[in-house]
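Please read all numbers here as calculations on a predicted model, not as lab measurements. We name chains A, B, ... by the order of the sequence lines, and we start the count at 1 in each one. All values below were derived from every heavy atom in this structure, side-chain atoms included, with hydrogens, water molecules and symmetry-related copies excluded.
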There are 2 protein chains.
Amino acid sequence: MKRTKIIDALSSTDFGKEINVKGWVRSHRSSKAVDFIALNDGSTIKNIQIVVEPNSFDAEIIKSITTGACLNVTGLLVESQGKGQTSEIKAESIEVYGLSPTDYPMQKKGQTFEYMRKYGHLRLRTNTFGAVFRIRHNMAIAIHEYFHSHGFYYFHTPIITGSDAEGAGNMFQVTTLDPGRIAKEGKVEYDDDFFGRKTNLTVSGQLEGELGATSLGAIYTFGPTFRAENSNTPRHLAEFWMIEPEVAFVDKEDLMDLEEDFIKFCVKWALDNCHDDLEFLNSMIDKGLIERLKGILNEKFVRLTYTEGIKILEEASCSGHKFENEVSWGMDLASEHERFLVEEHFRRPVIMSDYPKDIKAFYMKINDDDKTVQGTDVLFPQIGEIIGGSVREENYDKLMGEIERRHIPMKDMWWYLDTRKYGTCPHGGFGLGFERLILFVTGMQNIRDVIPFPRTPKTAEF
Amino acid sequence: MKRTKIIDALSSTDFGKEINVKGWVRSHRSSKAVDFIALNDGSTIKNIQIVVEPNSFDAEIIKSITTGACLNVTGLLVESQGKGQTSEIKAESIEVYGLSPTDYPMQKKGQTFEYMRKYGHLRLRTNTFGAVFRIRHNMAIAIHEYFHSHGFYYFHTPIITGSDAEGAGNMFQVTTLDPGRIAKEGKVEYDDDFFGRKTNLTVSGQLEGELGATSLGAIYTFGPTFRAENSNTPRHLAEFWMIEPEVAFVDKEDLMDLEEDFIKFCVKWALDNCHDDLEFLNSMIDKGLIERLKGILNEKFVRLTYTEGIKILEEASCSGHKFENEVSWGMDLASEHERFLVEEHFRRPVIMSDYPKDIKAFYMKINDDDKTVQGTDVLFPQIGEIIGGSVREENYDKLMGEIERRHIPMKDMWWYLDTRKYGTCPHGGFGLGFERLILFVTGMQNIRDVIPFPRTPKTAEF
């Protein structure tokens, strides 16, 4: 008999029909007359109720079915009498695929997220993590859908790289040299390493992404990136996924339009496609979640230069608002400043642009004032910076000037400079940390809880 | 004025209208009366012809426009007189975004792929690589589309891992320990490494994927995987992308159905969505390409056990067919055997199943004969094995038996075993090397030419 997914069984009104479902037991409660088993197969956050008349079954077997067990159930689809349920199954046969011993770590309700992180392989079977990872899937699909329908090509930039020009943080080294042998021989021979040179895990695909955009017109990356920073915070991972679109023939306005349109598309996708999971998270994790998501869609994002932003912050400071970090032109905005602008002053997302060049990367397009660059970051409530973007400096001489001024080691970067040497073009792009987006869309508070198997200092389990 | 993409300009019949296009010069030829510039922006393999009347422009500027230059052109869309073209542009204004010096490495036609590999950043601007990477994009979209519409969740398995149980080949070590310091101090302290232990780059996401499938019901991975094998062949990369679906509640027949349906969907997607690029590759690279792709769709794949396959090969051998490797039950099939079955004997794809257990991995479901396991590999013309799949052993004791028999280090694998301990379920899945698929769909011969920036022994450029 063909299996019916529980999401389909729950929406079926084909009452009286015999169907087959398979899944894991979320709860089993017995009354005198009848047993109720809540079964879930991951296709939806909702369980289907299996109604078991004990007389029709081997009592020992029914008793052995505890939370976490896996069942194959055939029975009649019947209209549910319970509140909020449409259909349930009157069991005719139950096959136990796998029992769940009493030490099953996920059987209690109300376990902390910290506890559940130790069981990354089993927390996936809970309501919260089921919801989070279905939403994570849907966000990935939204991203591919958006870029594909807008003529961007998915472009795989390298994970192992020899280049070091981004300077975005500490890097993980990738090697086939045997550390034990290095210790014994007292020397390091990179000639013997797999790539014949020192190599690292990528911190960003942007520079290679620019190679794609300046040939194929518009590309996006969506892949893992790595930072070997010893940051044990709810916002940092050593391994995380980034989306980095890069597009030729755009100016600053085009780029800000793209950022706003893209992020609204993603949020709308979640609201349109993840209704049940969002309802659950809204009720159990974050009461303001759905309102906040809808709020993103309702209004046009504020567009504000850094200089205008500083002025607003200075005025707030004069009017008595206390910031931990004093405000002055040239500083890098702290989270408190970003959140003041977004959550208190404007009460909607802000795209901030034209930052002082010394707080931004070497590749950003320099404005005529020679003081600011065409960065275009999107600031969100709760999150702060969710997108970091910029128009790129396409002029070879200006770009080289910045590289030299900053003493960036360019020996391995001839290929990047070639894009400005041969047929250079105006272009820009942005980066979105995927897990930051998932935090925003799920209302979860710790980034370790929105990636299946988080990598953080001293932790690489599973 | 809003830019029109060249793919849209070429299909427009809005003749007489003023439009703007931007792109890179593929060729520039001058005649007495008029100049023709072929412009490409990556949106299609086709160029749009820009017709330039020299009298209307500065002669020096027009002369400076050579292959590789980047232009911003506004002009009238006119019906083309040339064969095979629908529309062209009569230039009214030309802005040069970037010239292309005479040493531009991609200007000559007929350069070898080997030469072009040295210019991975610029080969993207050629017809062949434009076609290959647009098709690569479309295959990625097809994969997400297939799994999303079939209720699979995209699941990110870790890239950095401490586990070593797959034993799929040599691994790259990931570390923040300073090799120079190790050499100096003469000792390796993994306690000081970022993760407090030895870690590697993943060789497969399958084992973690099983964690997803046994909670969410059906997942797929699509991410980079790594093998530090010193193989300098047209079929091997040190860094490549894999797709690994894993699904609960399937048996061997279901799994073979899934494999066949999935791969046919991908091939059909290419035929439906990559017409111009396939036509180009079919005419320039591989005359049999489109026929071969269509051939995949036409017939049901042969389903054959390993034992049946060996019998056919032995009979062929008896009838005088020469194999380099002698055929006998228990051997691992070589490429020549796979290709004989697919290309000569059946002349269509084969799903081979039920392999001797000693030539397959520890996690495959053991048949009742205790000699064979439920592997389900798909063998393709030209490629050989394109998919490697299996039903997984879901019985805890049998799985442990194999692990012990093979002396697999399981100290870090408690989480994998837990899936069999708590609510175990029948499940299976398969792996598809993305670049193998792209080779098949493009007709390209070298795997280095279907990934933007290949990583191979001694090569990690860009």
Using the rule given for side-chain contact (heavy atoms from CB on, under 4.5 Å), can you reason through B:Y104 versus B:L122, listing the C-alpha separation, both sets of side-chain angles and the distance that settles it, and then say yes or no? CA-CA 9 Å; B:Y104 179 57; B:L122 297 175; 4.2 Å; yes

Test item: A:Y153 and A:S215 side chains (from C-beta on) under 4.5 Å apart, heavy atoms: no

Using distance alone, with no hydrogens and no angle criterion, decide if B:T176 and B:D193 have a side-chain donor and acceptor under 3.5 Å apart. yes

Among A:G120, A:G180, A:P105, A:G212, which residue has the highest count of heavy-atom pairs closer than 4.5 Å to chain B? A:P105

Would you say the side chain of B:I45 lies within less than 4.5 Å of the side chain of B:R134, judging by non-hydrogen atoms? yes

Under 3.5 Å, is there a donor-acceptor pair between the side chain of A:E394 and the main chain of A:H427? no

Ranking A:Y97, A:F194, A:F133 by heavy-atom pairs under 4.5 Å to chain B gives rank one to A:F194

Side chain, backbone, both or neither of B:K118 within contact of chain A (heavy atoms, under 4.5 Å): backbone

B:E239 versus chain A, the contacting section by heavy-atom distance below 4.5 Å: side chain

A:A248 portion near chain B, given a 4.5 angstrom heavy-atom threshold: both

Answer key: most heavy-atom pairs under 4.5 Å with chain B among A:A140, A:G217, A:A69, A:G68 is A:G68

Please tell me whether A:Y416 and B:H121 have a donor and an acceptor in their side chains that are separated by less than 3.5 angstrom. no

Sort A:F155 into side chain, backbone, both or neither according to what part of it lies under 4.5 angstrom from a heavy atom of chain B. side chain

Where on B:N20 is there a heavy atom nearer than 4.5 Å to chain A: the side chain, the backbone, both, or neither? neither

Closest-packed option against chain A by number of heavy-atom pairs under 4.5 Å, given B:V174, B:T175, B:N40: B:T175

Partners meeting salt bridge (charged side-chain N to carboxylate O under 4.0 Å, His left out) with B:D103 (sequence neighbours left out): A:K421

Looking at A:R125, is its backbone amide N or carbonyl O close enough to the side chain of A:W24 to form a donor-acceptor pair, meaning the two atoms are under 3.5 Å apart? no

When the 4.5 angstrom heavy-atom criterion is applied to A:I159 and chain B, the contacting part is both

Engaged part of A:I219 at the chain B interface, taking heavy atoms whose separation is under 4.5 Å: neither

Look at B:K187, B:E145, B:E461 and state which one has the largest set of heavy-atom pairs under 4.5 Å with chain A. B:E461

Relative to chain A, which of B:S100, B:G23, B:P179 shows the most heavy atom pairs under 4.5 Å? B:P179

Between B:V25, B:T214, B:T199, which shows the greatest number of heavy-atom pairs under 4.5 Å with chain A? B:T214

B:F222 vs B:Y154 aromatic rings, parallel, tilted or perpendicular, using cut-offs 30° and 60°? perpendicular

Of the listed residues (A:F434, A:F453, A:W241), which shares the most heavy-atom pairs with chain B below a 4.5 Å separation? A:W241

Pick from B:P426, B:G223, B:A218: which one has the most heavy-atom pairs with chain A under 4.5 Å? B:P426

Beyond-backbone contact of B:R420 with B:E210, side-chain heavy atoms, under 4.5 angstrom: yes

Bottom line for A:R136: the part with an atom under 4.5 Å from chain B's heavy atoms is side chain

List in chain and number order the residues that pass side-chain contact (heavy atoms from CB on, under 4.5 Å) with B:K5, two or more places apart in sequence or in another chain; answer none if no residue qualifies. B:R3, B:I7, B:D8, B:D41, B:S43

Proximity breakdown for B:D191 and chain A, heavy-atom pairs closer than 4.5 Å: backbone

Atom group of B:L99 that falls short of 4.5 Å from chain A, counting heavy atoms: backbone

Highest number of heavy-atom pairs under 4.5 Å with chain A among B:F129, B:F152, B:Y119 belongs to B:F152

Find the one option among A:C425, A:P457, A:G130, A:A238 whose heavy-atom pairs under 4.5 Å with chain B are most numerous. A:P457

A:T202 and A:I160: CA distance, side-chain angles, deciding distance, side-chain contact (heavy atoms from CB on, under 4.5 Å) verdict: CA-CA 6 Å; A:T202 184; A:I160 300 172; over 6 Å; no

Counting only heavy atoms closer than 4.5 Å, note whether B:F240 contacts chain A via side chain, backbone, both or neither. neither

Measuring heavy-atom distances to chain B, does A:L201 have an atom under 4.5 Å in its side chain, in its backbone, in both, or in neither? side chain

Name the region of B:R455, side chain, backbone, both or neither, that has any atom closer than 4.5 Å to a heavy atom of chain A. both

Pick from A:V188, A:T157, A:T67: which one has the most heavy-atom pairs with chain B under 4.5 Å? A:V188

